[in-house]
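Note sheet for the following structure.
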Amino acid sequence: MASRREVRCRCGRRMLVQPDVRAIQCPTCHNVTQVYSLVDVARGAQRIINGFQQLLRPHQPPQHQHHPQQMMAQPPPPPRLLEPLPSPFGKKRAVLCGVNYKGKSYSLEGCISDAKSMRCFLVQKMGFPIDSILMLTEDETSPQRIPTKRNIRKAMRWLVEGNRARDSLVFHFSGHGSQQKDYNGDEIDGQDETLAPLDHETEGKIIDDEINRILVRPLVHGAKLHAVIDACNSGTVLDLPFICRMERNGSYEWEDHRSVRAYKGTDGGAAFCFSACDDDETSGYTPVFTGKNTGAMTYSFIKAVKTAGPSPTYGHLLNLMCSAIREAQSRLALNEDSDASAEPLLTSSEEFDVYATKFIL
């Protein structure tokens with residue numbers, strides 16, 4: 001806290017910002033206040049001084065225009081402020097990532113559309129403010145909104161920054177997922193689950209340990225995170241300690257995957273993840289639902305929430321999603337690389353009664 005600075009908005013609201021924050025949006029009046037570092041202030045002051053010196057200096061004849069004092073290098077202008085992210089202090093906010101990997105041999109077709117569909121759903125159905133949703137896709141024009149490893153990490157931190165009781169947070173990823181060897185011994189199967197950002201070939205993938213550390217552990221009491229992961233090998237990609245195993249007849253049981261090597265829970269809050277498949281399975285996309293390639297997981301989640309009626313339970317939603325996936329599997333194979341038996345999986349930071357607990361975004 002000591003490293004934070006206080007800035008005041010034009011409306012009088014005081015806000016604390018991190019030293020590297022260059023702009024902040026006021027949660028009261030929504031004005032954006034630019035935040036300058038001491039270096040920026042010093043450079044600006046030097047430019048003012050230089051300007052006064054020019055005004056006070058006597059006029060010099062043309063032959064003396066190259067006076068040594070005039071040849072002094074002018075201080076460089078302050079760096080251009082990057083586009084500010086939405087305010088992280090809304091009650092509802094979301095990060096939506098869609099990665100098609102355009103131009104690659106492993107490119108996908110429907111992931112950007114999945115992210116856009118999720119944004120539409122959150123705004124129109126669930127009441128999320130449009131300016132509290134951070135989109136990361138290859139279609140974005142801002143360099144900050146391209147789904148690189150650095151930007152996805154930054155977006156995840158933004159999502160949980162300053163989270164409070166009654167906050168509703170959503171993280172959605174549609175793209176490639178995979179597994180790699182677990183090097184710290186916290187995985188029962190010896191494999192870490194990963195998400196592949198756009199630049200994973202050079203920067204590497206984002207492993208579940210890091211996702212848990214950034215998204216899950218900071219959640220305070222009363223805050224709630226829902227993740228929807230439309231990717232292969234994504235069952236426990238948030239490293240949540242409890243897995244709900246749902247049978248086709250609706251019965252279920254919780255598997256306890258807590259590790260003695262590392263705490264994977266929250267700071268009192270609640271985290272839930274709907275994944276496209278188990279850790280050892282592949283997911284797919286299909287034209288069955290909309291006529292064009294769509295992530296089966298993303299579509300089935302949105303459809304289930306829309307058709308489940310008011311205040312559905314987690315168990316009701318999961319059954320509806322599994323039914324939609326089975327219907328698609330019976331009508332058309334998802335794709336040649338897909339596991340036809342893959343069904344959505346629910347993981348959680350705590351065990352709970354899925355048929356008594358209401359799903360609320």
Side-chain angles (χ1 to χ4, degrees), residues 82-83 85-86 94-123 130 133-159 170-180 192-208 210-211 214-215 227-234 237 274-277 281-302 325 328 332-339 342:
L82 295 176
E83 178 186 355
L85 297 179
V95 168
L96 313 178
C97 306
V99 196
N100 277 359
Y101 313 95
K102 295 178 180 179
K104 300 293 185 179
S105 60
Y106 48 83
S107 64
L108 299 173
E109 297 183 35
C111 299
I112 295 177
S113 296
D114 289 345
K116 292 178 179 178
S117 295
M118 184 65 74
R119 177 175 59 184
C120 226
F121 162 73
L122 292 176
V123 172
I130 187 70
I133 296 177
L134 181 56
M135 291 279 290
L136 279 77
T137 76
E138 293 138 280
D139 284 353
E140 299 298 312
T141 57
S142 168
Q144 289 189 101
R145 308 300 175 92
I146 302 300
T148 62
K149 184 175 184 178
R150 181 179 182 273
N151 286 345
I152 293 176
R153 281 172 162 174
K154 184 178 179 181
M156 290 193 297
R157 294 188 185 99
W158 167 84
L159 183 62
V170 171
F171 177 73
H172 171 255
F173 180 89
S174 181
H176 279 302
S178 63
Q179 289 183 301
Q180 67 181 42
D192 278 326
E193 284 64 53
T194 71
L195 298 179
L198 183 62
D199 57 352
H200 68 92
E201 290 181 346
T202 56
E203 300 302 317
K205 298 172 182 177
I206 306 175
I207 67 171
D208 52 7
E210 181 178 12
I211 297 170
I214 296 176
L215 281 183
V228 179
I229 310 296
D230 206 340
C232 297
N233 310 114
S234 57
V237 75
F274 290 98
S275 301
C277 57
E281 296 177 327
T282 56
S283 64
Y285 49 87
T286 174
V288 167
F289 297 120
T290 63
K292 58 183 178 179
N293 282 323
T294 304
M297 172 65 196
T298 300
Y299 182 88
S300 64
F301 172 79
I302 294 174
I325 296 294
L332 181 68
L334 294 183
N335 64 44
E336 61 181 5
D337 297 319
S338 291
D339 184 337

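Taken to the nearest 0.5 Å, the CD1 atom of Ile325 stands 12.5 Å off from the CZ atom of Phe301. Between the CH2 atom in Trp158 and the CG atom in Leu134 there is a gap of 5.5 Å [rounded to 0.5 Å]. Note that CG of Asp139 and OG of Ser113 are 8.5 Å apart. Values are rounded to the nearest 0.5 Å. Distance check, rounded to the nearest 0.5 Å: CD1 of Ile133 to CZ of Arg119 gives 7.5 Å. The CD1 atom of Ile152 sits 13.0 Å away from the NZ atom of Lys205 when rounded to the nearest 0.5 Å. The distance from atom NZ of Lys149 to atom CD1 of Ile206, rounded to the nearest 0.5 Å, is 6.5 Å.
The aromatic ring centroids of Tyr106 and His200 lie less than 6.0 Å from each other.
A side chain to side chain contact (heavy atoms under 4.5 Å, CB included) with Leu96 holds for exactly one of Leu136, Leu122, Val228, Ile112; it is Leu122.
Listed by chain and residue number, Gln180, Asp182, Asp186, Glu187, Ile207, Asp208, Asp209 satisfy the side-chain contact (heavy atoms from CB on, under 4.5 Å) test with Asp192 (two or more places apart in sequence, or in another chain). Taking Glu210 as the reference, Arg153 meet the salt bridge (Lys or Arg N to Asp or Glu O under 4.0 Å) condition, with sequence neighbours excluded.
Counting all heavy atoms, side chain and backbone alike, Ile146 lies closest to Glu140 at CD1-O, 3.4 Å. Closest non-hydrogen pair, Arg145 versus Met135, comes out as CB-O, 3.5 Å. The heavy-atom pair separating Cys277 from Ala231 by the smallest distance is SG-O, 3.7 Å. Here the shortest heavy-atom pairing between Met297 and Ala276 reads CB-CB, 3.6 Å.
In this structure a side-chain-to-backbone donor-acceptor pair under 3.5 Å is present from Thr148 to Asn151. Asp114 contributes no side-chain N or O that, together with a main-chain N or O of Thr298, makes up a donor-acceptor pair within less than 3.5 Å. No donor-acceptor pair closer than 3.5 Å links the side chain of Ser107 to the backbone N or O of Gly103. A donor-acceptor contact shorter than 3.5 Å links the side chain of Glu138 to the backbone of Asn100. Ser275 places a side-chain N or O within 3.5 Å of a backbone atom of Ser234 that can act as its donor or acceptor partner. When atom types are taken as modelled, the side chain of Thr194 and the backbone of Ser178 share a donor-acceptor pair closer than 3.5 angstrom.
Contact of the Val99 side chain with the Leu195 side chain is not registered, since no non-hydrogen atoms from C-beta on lie closer than 4.5 Å. Side chains of Tyr299 and Asp230 form no contact here, defined as non-hydrogen atoms less than 4.5 Å apart.
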Dump the intermediate steps for side-chain contact (heavy atoms from CB on, under 4.5 Å) on Val95 and Met156, then the final yes or no. CA-CA 7 Å; Val95 168; Met156 290 193 297; 5.5 Å; no

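Between Tyr101 and His176, the angle of the ring planes lies from 30° to 60°, which puts this pair in the tilted group.
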